[in-house]
Number of protein chains: 2
Amino acid sequence: MPARPTPPAAPPPLTEPVEDYLKAIYELETRSGAAATSDVAQALRVAPASVTGMIRRLATQGLLDHVPYRGVQLTDLGRRAALRTIRRHRILETYLTQVLGYAWDRVHDEAERLEHAASDDLIERMSAALGHPTADPHGAPIPTADGRVDERTHRTIADLAVGETVRMLRVSDKDPELLRYLAGIALQPGVEITLLSRAPFDGPLTLRVADGEPVVGSTLAAQVLIEPLPARNAQRAVTPTGDRNTTTDARPRSARKSAR
Amino acid sequence: MPARPTPPAAPPPLTEPVEDYLKAIYELETRSGAAATSDVAQALRVAPASVTGMIRRLATQGLLDHVPYRGVQLTDLGRRAALRTIRRHRILETYLTQVLGYAWDRVHDEAERLEHAASDDLIERMSAALGHPTADPHGAPIPTADGRVDERTHRTIADLAVGETVRMLRVSDKDPELLRYLAGIALQPGVEITLLSRAPFDGPLTLRVADGEPVVGSTLAAQVLIEPLPARNAQRAVTPTGDRNTTTDARPRSARKSAR
DNA sequence: GCCAATATTTAGTCTCGCCTAAAGATTGAG
DNA sequence: CTCAATCTTTAGGCGAGACTAAATATTGGC
């Protein structure tokens, strides 16, 4: 039995907790600019000391850089791994809602477990079956297989001026109760929203959504991301809802670098 | 914060290794009548000592009974858990082939990972989307959600008499190479098989399958399970392929206990 | 610029599954 | 019936990933 030369020594696949850490750190990093130990601990519902230990391990594996008492930063390797997991999660969420009839407040937990078990092949088949969607049911952009994603930041309903009309873009997938509430007032990605009035001192806002006029608190308002309406006489031929959340790479290579 | 009375103290969900052990033990038990430590070790590619340790843990959890140096036997609880995992596995395999276009030699590994992550809800949605199939792509019967399954044993091609015509029922899902080979000679569940001739001393068999006449070795022949052709003028109204592998419980409750 | 509050890390354990090596039980050949 | 070959179990460890308690670093208020 001749010992095979062990060609490039395949890197062992990441464990489930490792994927969760990378995903959480990625999200903290892009959202708040930095990822503190305690933030990661809170996101993963784990003791801070556990985070310190895991961070040391991830650093030795070249997935992130760690300056003690300062914080962590994903390396390219770590970021790619995080985006791979996020892609899986969002394609799974989309598939579960579009094909299997899940309500949008029920897909998060399911996707959270499946994202660690599904093969790349399965994810790509699901993506193809969906026509390669660029956004999940909550409006979050789906990273491409080669790890690119639209990371632009957006305004929220809380930032609206009275009388302004915009389109709902996105909301977090993590709070089922919020999602059910939003569905109840017809607030879902793609719908048009007009701010009719706002009470002073961070008070409730009155919106026009579809044919309703829901009144929402400022906390909720700050969680709903929006985008401008498309130009009135669309010069770029796009479908009304198909264009939101287009990742930079979903467009042909020739068209890149122009946006952002 | 009043300490909630902790109602019935929900049993913690089984871990992935535990599900794998129960599944392997179930299969050894129903196939060979008993499950020896070393058989389990071989099935799970784990050291025998590890099996002893795990078995002790499973016994304390009431999932199986263990007589040292003798063997193990699943309790009702353990059998139910095993069948739940097997149901998941087989529905997943069916879904992957029928809906997502997987080849039948590629579904085993994928299902093996997903079966631990999918919720009951997901599995039932997939089952419904498939019209509640009773057999997986390899012909294995799918246990019902309440844990019943057709456990009848069957003859194999190796048992055929020359000139006999039967229907292929089932083959193991675990050997991709075998599955590809079978697909190449049109051997798949549901097809009719006639034994044209057999060489003496356990020699190769010549079959008629579809419009081919493949010659197969006795090892392969012993792995392909068969069933009798349905009665010529079917008195029970059944679809030709729909009746194979019907679990005892797929029929209305009123019809149970009659078969077997 | 000091000190207290807060954040982070270290130190020491724990459980789960796995391993190897060695000891003990069973079985079958003669 | 006995002994060697073959299980099976015990003993002792290891790595991942979590925890608590205690030590240490940073920061913000004054």
Side-chain angles (χ1 to χ4, degrees), chain A residues 11-25 28-29 32-74 78 81-82 85 112-113 115-117, chain B residues 9-25 28-29 32-74 78 81-82 85 112-113 115-117:
Chain A
L14 302 180
T15 64
E16 189 167 325
V18 166
E19 288 184 343
D20 286 338
Y21 273 89
L22 293 175
K23 194 169 57 143
I25 292 168
L28 289 167
E29 234 179 39
S32 330
T37 300
S38 49
D39 295 340
V40 177
Q42 189 169 13
L44 297 176
R45 314 177 133 281
V46 141
S50 306
V51 175
T52 301
M54 178 61 93
I55 278 175
R56 192 174 46 243
R57 249 173 295 158
L58 298 183
T60 68
Q61 291 179 50
L63 291 163
L64 48 77
D65 295 320
H66 181 216
V67 184
Y69 289 98
R70 278 303 136 98
V72 297
Q73 188 150 12
L74 292 178
T85 305
E112 195 77 7
R113 282 176 281 109
E115 68 191 10
H116 305 295
Chain B
L14 302 180
T15 65
E16 188 168 324
V18 166
E19 289 184 342
D20 286 337
Y21 273 87
L22 294 176
K23 192 168 57 144
I25 292 168
L28 289 167
E29 233 179 40
S32 329
T37 301
S38 50
D39 295 339
V40 177
Q42 191 170 14
L44 297 177
R45 312 178 136 281
V46 141
S50 305
V51 174
T52 300
M54 178 61 95
I55 278 175
R56 195 175 41 244
R57 249 174 297 159
L58 298 183
T60 67
Q61 291 179 50
L63 292 162
L64 47 78
D65 294 320
H66 180 215
V67 184
Y69 289 97
R70 278 302 137 98
V72 298
Q73 190 151 12
L74 292 179
T85 305
E112 195 77 9
R113 282 175 282 106
E115 68 192 11
H116 306 295

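Keep in mind the model is a prediction, meaning the values are calculated, not measured.
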Colleague: Tell me: CG of Leu22(A) to P of dG17(D), nearest whole Å?
Modeller: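 About 11 Å, once rounded to whole Å.
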Colleague: Indicate the atoms forming the closest heavy-atom contact of Gly78(A) with Leu22(A), along with that distance.
Modeller: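 Where Gly78(A) meets Leu22(A) most closely, the heavy atoms are O-CD1, 4.3 Å.
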Colleague: Round to a whole Å and report the spacing from CD of Gln42(B) to C1' of dT8(D).
Modeller: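 That distance rounds to 15 Å.
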Colleague: Does His66(A) have a side-chain nitrogen or oxygen under 4.0 Å from the phosphate oxygens OP1 or OP2 of dT8(C)?
Modeller: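 False: His66(A) side-chain N/O out of range (4.0 Å or more) of dT8(C) OP1/OP2.
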Colleague: Just the rounded figure in Å: distance from P of dT8(C) to CG of Asp39(A).
Modeller: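 Going from CG in Asp39(A) over to P in dT8(C) covers 7 Å.
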Colleague: Considering only side-chain heavy atoms of Tyr69(A), which listed nucleotide, dT8(C), dC19(D), dA18(D), is closest?
Modeller: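 Closest nucleotide among those given: dT8(C).
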Colleague: Using the side-chain heavy atoms of Pro17(A), tell me which of these nucleotides is nearest: dT20(C), dG17(D), dT9(C).
Modeller: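 Nearest to the side chain of Pro17(A) among the choices is dG17(D).
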Colleague: For dT27(C) and Arg70(B) - does any side-chain N or O of the residue sit under 4.0 Å from the phosphate oxygens OP1/OP2?
Modeller: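 Affirmative; the distance criterion is met.
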Colleague: Any side-chain N or O of Tyr21(A) less than 4.0 Å from the OP1 or OP2 oxygen of dA18(D)?
Modeller: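 Affirmative; the distance criterion is met.
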Colleague: Can you tell me if the side-chain N/O atoms of Arg57(A) get under 4.0 Å from OP1 or OP2 in dA16(D)?
Modeller: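 So the side chain of Arg57(A) is outside the cut-off, no N or O lying under 4.0 Å from OP1 or OP2 of dA16(D).
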Colleague: Applying the side chain to side chain contact (heavy atoms under 4.5 Å, CB included) criterion to His116(B), which one of Val18(B), Thr15(B), Asp20(B), Leu14(B) satisfies it?
Modeller: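 Only one option passes, and that is Asp20(B).
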Colleague: What integer distance in Å separates Glu16(B):CD from dT15(C):P?
Modeller: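 Interatomic distance, CD of Glu16(B) to P of dT15(C): 22 Å.
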Colleague: Within this structure, what is the CG-to-C1' distance between Leu28(B) and dC7(D), rounded to whole angstrom?
Modeller: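 From Leu28(B) CG to dC7(D) C1': 16 Å.
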Colleague: Val46(B) near the nucleic acid: base, sugar-phosphate alone, or nothing, with a heavy-atom cut-off under 4.0 Å?
Modeller: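 Sugar-phosphate contact only - Val46(B) comes under 4.0 Å of backbone atoms but never of a base.
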Colleague: Going by heavy atoms in the side chains, are Val46(B) and Val51(B) under 4.5 Å from each other?
Modeller: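 They are in contact (side-chain heavy atoms under 4.5 Å apart), so the answer is yes.
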Colleague: Measure the distance from CD on Glu19(A) to P on dG17(D) and round it to the nearest whole Å.
Modeller: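 The answer, rounded to whole Å, is 11 Å.
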Colleague: I'd like to know whether Gln73(B) forms a side chain to side chain contact (heavy atoms under 4.5 Å, CB included) with Leu64(B), so could you lay out the CA-CA distance, the side-chain angles of the two residues, the decisive distance to 0.1 Å, and finally the verdict.
Modeller: CA-CA 5 Å; Gln73(B) 190 151 12; Leu64(B) 47 78; over 6 Å; no
Colleague: Has Thr15(A) got a side-chain N or O lying under 4.0 Å from the OP1 or OP2 atom of dG17(D)?
Modeller: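 Yes, Thr15(A) has a side-chain N/O under 4.0 Å of OP1/OP2 on dG17(D).
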Colleague: Does a side-chain N or O of Ser50(B) approach OP1 or OP2 of dC19(C) to a distance below 4.0 Å, or not?
Modeller: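 Checking Ser50(B) against dC19(C): at least one side-chain N or O falls below 4.0 Å of OP1 or OP2.
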Colleague: Any side-chain heavy-atom pair from Val72(A) and Asp65(A) closer than 4.5 angstrom?
Modeller: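 A side-chain contact is absent here, since even the closest heavy-atom pair is not under 4.5 Å.
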Colleague: Ser38(A) side chain N/O closer than 4.0 Å to the phosphate oxygens (OP1, OP2) of dT6(C)?
Modeller: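 No, outside the criterion.
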Colleague: Can you tell me how far P of dG15(D) sits from CD of Gln61(A), to the nearest Å?
Modeller: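 Computing the Gln61(A):CD to dG15(D):P distance gives 14 Å.
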Colleague: Let me know, please, whether Ala49(A) or Val18(A) comes out on the 5' side of the other along DNA chain D by nearest nucleotide.
Modeller: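 Its nearest nucleotide lies further toward 5', so the answer is Val18(A).
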Colleague: In this structure, how many angstroms lie between the C1' atom of dG17(D) and the CD1 atom of Ile55(A), rounded?
Modeller: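 Value for this atom pair: 14 Å.
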Colleague: Could you tell me whether Thr52(B) contacts a base, only the sugar-phosphate backbone, or nothing, with contacts defined as non-hydrogen atoms closer than 4.0 Å?
Modeller: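 The answer is base, as Thr52(B) lies within the cut-off (heavy atoms under 4.0 Å) of a base atom.
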Colleague: Under 4.0 Å between a side-chain N or O of Arg56(A) and OP1 or OP2 of dT9(C)?
Modeller: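 No, no such contact exists.
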Colleague: Tell me whether Ser32(B) contacts the main-chain N or O of Glu29(B) through its side chain, where contact means a donor paired with an acceptor under 3.5 Å.
Modeller: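 No; judged by distance alone, with no hydrogens or angles, the pair does not exist.
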